[in-house]
Amino acid sequence: MQKKHFLCTHTWVSPEARDAVNKMSRDMTDREFFNALKTEKAETLQHWMGKEDFFYCHWYAEDEDAIFESLELAGFNDFMASLPTEMTRYITSSNITDEPLVDPYET
C-alpha cells in the first residue's frame, strides 16, 4: 500500500502521562525518537512540541491505523489521544517541483 502524509494532533491524557513520557524520553536523541516511531507502514518525519496542551507530528503512513500501531509499539499510545488527518496536499520548501498544487477536494 502506498504511504500518504498525515498531520497528527496529539494531547496528553493527563499531566501524569505527560510527565511519564517526558521522563522516559529525557535522554532520548532525535535519531532514537524517529527510530522508535518507524515501522514498515508508518514513520514520523517531523515533531513539534511546546508547553501547550497539544503537540504535532508529521507522519508518512499507509493509513491512520498504521500510525496508532507505531505509537503502540513505541509504548506511547496509552499516554496520549491522537487525531491523524490525511493531508492530500503536501509541499515543502526543501523540495520545489514547480508542479501545479494538488487540489485536495478533487482527489
Check [X] against [Y] and note the closest heavy-atom contact, atom names and distance.
{"X": "Phe34", "Y": "Gln46", "value": "CE2-N, 3.9 Å"}
{"X": "Leu71", "Y": "Ser82", "value": "CD1-OG, 3.7 Å"}
{"X": "Ala42", "Y": "Ser70", "value": "CB-CB, 4.3 Å"}
{"X": "Arg89", "Y": "Asp103", "value": "NH2-CA, 4.4 Å"}
{"X": "Thr11", "Y": "Asp53", "value": "OG1-O, 2.8 Å"}

Rounded to the nearest 0.5 Å, how far does [atom2] of [Y] lie from [atom1] of [X]?
{"X": "Met80", "Y": "Cys57", "atom1": "CE", "atom2": "SG", "answer": "7.5 Å"}
{"X": "Glu69", "Y": "Lys41", "atom1": "CD", "atom2": "NZ", "answer": "5.5 Å"}
{"X": "His58", "Y": "Tyr90", "atom1": "NE2", "atom2": "OH", "answer": "4.5 Å"}
{"X": "Glu43", "Y": "Asn35", "atom1": "CD", "atom2": "CG", "answer": "10.0 Å"}
{"X": "Thr39", "Y": "Glu62", "atom1": "OG1", "atom2": "CD", "answer": "8.0 Å"}
{"X": "Asp63", "Y": "Gln2", "atom1": "CG", "atom2": "CD", "answer": "12.5 Å"}

Aromatic plane relationship, Phe55 with His47 - under 30° parallel, 30 to 60° tilted, over 60° perpendicular: perpendicular
Heavy-atom neighbours of Lys4 NZ exceed 12 at 6.0 Å: yes
Among Glu32, Arg31, Met24, side-chain contact (heavy atoms from CB on, under 4.5 Å) partner for Met28: Glu32
Derivation and outcome, side-chain contact (heavy atoms from CB on, under 4.5 Å), residues Phe79 and Arg18: CA-CA 7 Å; Phe79 294 97; Arg18 178 198 63 218; over 6 Å; no
Side-chain cluster (under 4.5 Å, hydrophobic types only) that Leu7 belongs to, other residues: Trp48, Phe54, Tyr56, Met87
Nonpolar side-chain network containing Met1, other nodes, edges under 4.5 Å: none
Trace of the side-chain contact (heavy atoms from CB on, under 4.5 Å) decision for Glu64 with Phe6: CA-CA 8 Å; Glu64 294 91 344; Phe6 290 84; 3.9 Å; yes
Partners passing side chain to side chain donor-acceptor pair (under 3.5 Å) against [X] (at least two apart in sequence or in another chain):
{"X": "Ser94", "answer": "Thr92"}
{"X": "Glu72", "answer": "Asn77"}
{"X": "Glu40", "answer": "none"}

Results of side-chain contact (heavy atoms from CB on, under 4.5 Å) for Ala74 - residues two or more places apart only: Leu37, Phe76
Full working for side-chain contact (heavy atoms from CB on, under 4.5 Å) between Phe33 and Thr44: CA-CA 9 Å; Phe33 175 86; Thr44 303; 4.1 Å; yes
